[in-house]
Amino acid sequence: ILVDIKVPMMGRTYNFKLDEMIPLGLAVAEVGDSICQKEQCIPGGSLKQLMLWSEDTSQRLPMDQSGWECGLKNGSRLLLV
């Protein structure tokens with residue numbers, strides 16, 4: 001699934017390809033890792049504390065469900081907080 005992930009604390013939006021079948025909790029850890037490597041930053045806390053919100057539905061996404069289960073599709077807009 002190709003999604004746009006906005007990270008308000010970085011003031012940037014990133015394009016990511018998420019595996020639609022893995023739990024979002026695993027995807028968030030990978031996304032956080034990738035962003036920190038790209039921006040050469042050190043995460044200030046545990047990546048497990050990050051949450052995904054859907055900008056399209058204004059709802060927090062459950063970390064134990066997959067993108068497919070949450071109804072994500074190509075072009076979905078997410079917030080990482």
Side-chain angles (χ1 to χ4, degrees):
I1 305 170
L2 298 173
V3 297
D4 291 329
I5 299 179
K6 183 187 230 177
V7 185
M9 67 182 205
M10 303 287 282
R12 303 209 41 195
T13 300
Y14 303 90
N15 296 356
F16 276 96
K17 182 177 182 179
L18 300 179
D19 182 335
E20 62 191 20
M21 300 311 284
I22 67 168
L24 290 176
L26 292 175
V28 164
E30 291 174 9
V31 166
D33 238 6
S34 294
I35 290 172
C36 283
Q37 286 178 9
K38 178 180 171 80
E39 302 297 337
Q40 298 178 356
C41 65
I42 298 169
S46 172
L47 292 176
K48 292 179 182 177
Q49 295 176 333
L50 294 174
M51 294 184 293
L52 275 180
W53 289 75
S54 170
E55 269 194 295
D56 302 321
T57 64
S58 300
Q59 293 184 333
R60 184 173 60 88
L61 300 175
M63 296 292 105
D64 61 339
Q65 292 185 1
S66 69
W68 179 80
E69 291 172 310
C70 292
L72 297 182
K73 57 185 184 277
N74 285 335
S76 290
R77 297 174 305 139
L78 308 176
L79 289 173
L80 181 66
V81 293

Enter the distance from Glu69:CD to Asp64:CG here, rounded to the nearest 0.5 Å.
-> 8.0 Å
In this structure, CG of Leu72 is separated from OG of Ser66 (nearest 0.5 Å) by 8.5 Å
Cluster overlap Leu50 with Leu26, hydrophobic side-chain contacts below 4.5 Å = no
How close do Ile1 and Trp68 get, heavy atom to heavy atom, and via which atoms?
-> CD1-N, 4.3 Å
Connected via hydrophobic side-chain network under 4.5 Å: Leu18 and Ile22 = no
side-chain contact (heavy atoms from CB on, under 4.5 Å) between Val7 and Arg12, intermediate numbers included | CA-CA 6 Å; Val7 185; Arg12 303 209 41 195; 5.7 Å; no
In Å and rounded to the nearest 0.5 Å, what is the CD to CG distance from Glu30 to Asp19?
-> 8.5 Å
4.5 Å side-chain heavy-atom contact, Tyr14 and Ser34 = no
Taking all atoms of both residues into account, what is the closest heavy-atom pair of Lys17 and Leu2, and its distance?
-> CB-CD2, 3.7 Å
What salt bridge (Lys or Arg N to Asp or Glu O under 4.0 Å) pairs are there with at least one residue in residues 72-81, not counting sequence neighbours?
-> Asp56-Arg77
Any chain of hydrophobic side-chain contacts (each under 4.5 Å) joining Ile5 to Met10?
-> yes
Treat each ILVMFWY residue as a node, draw an edge where side-chain heavy atoms are under 4.5 Å apart, and state whether Leu78 and Met9 are in one component.
-> yes
Shortest non-hydrogen separation from Cys70 to Leu24 and the atoms involved = SG-CD1, 3.7 Å
Check: Val28 and Leu80 side chains under 4.5 Å, non-hydrogen atoms | yes
